[in-house]
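Model, not experiment: these values are computed from the prediction. Keep in mind that the numbers below use all heavy atoms, side chains included, and drop hydrogens, waters and symmetry copies. Throughout, residue positions are numbered sequentially from 1 according to the sequence presented.
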Amino acid sequence: MASRNPLRWIERWADWFEMRGVYVPGEDNRTVDPWRDFGWLIVAWLTGLATFILFFAFAV
């Protein structure tokens, strides 16, 4: 049975971004790839946005 824990979903989603590649310090000879370099930040931002929307949806 699949895990229904929302925190596990967030962790799995962030791991998916990391599997696509992780930034290596000192590797400055390549272009910035937002999905690769800022995967955790994107996941945190989307999670915060979803929480914000749900908060106001339930408040009304």
Asker: In chain order, what residues pass the ring pair (Phe, Tyr, Trp, His ring centres under 6.0 Å) check against Phe58, with sequence neighbours excluded?
Answerer: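 Expected list: none.
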Asker: Could you work out, with side chain to side chain contact (heavy atoms under 4.5 Å, CB included) as the rule, every residue matching Leu41, not counting sequence neighbours?
Answerer: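 Side chain to side chain contact (heavy atoms under 4.5 Å, CB included) list for Leu41, sorted by chain: Phe38.
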Asker: Sequence neighbours left out, what passes side chain to side chain contact (heavy atoms under 4.5 Å, CB included) with Leu49? Give chain and number order.
Answerer: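 Side chain to side chain contact (heavy atoms under 4.5 Å, CB included) check on Leu49 returns Trp45, Ile53.
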Asker: Sequence neighbours left out, what passes side chain to side chain contact (heavy atoms under 4.5 Å, CB included) with Trp40? Give chain and number order.
Answerer: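 Trp40 satisfies side chain to side chain contact (heavy atoms under 4.5 Å, CB included) with Ala14, Asp15, Glu18 only.
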Asker: Using the ring pair (Phe, Tyr, Trp, His ring centres under 6.0 Å) criterion, which residues pair with Phe55? Sequence neighbours excluded.
Answerer: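 Scan of Phe55 (ring pair (Phe, Tyr, Trp, His ring centres under 6.0 Å), adjacent residues dropped) gives none.
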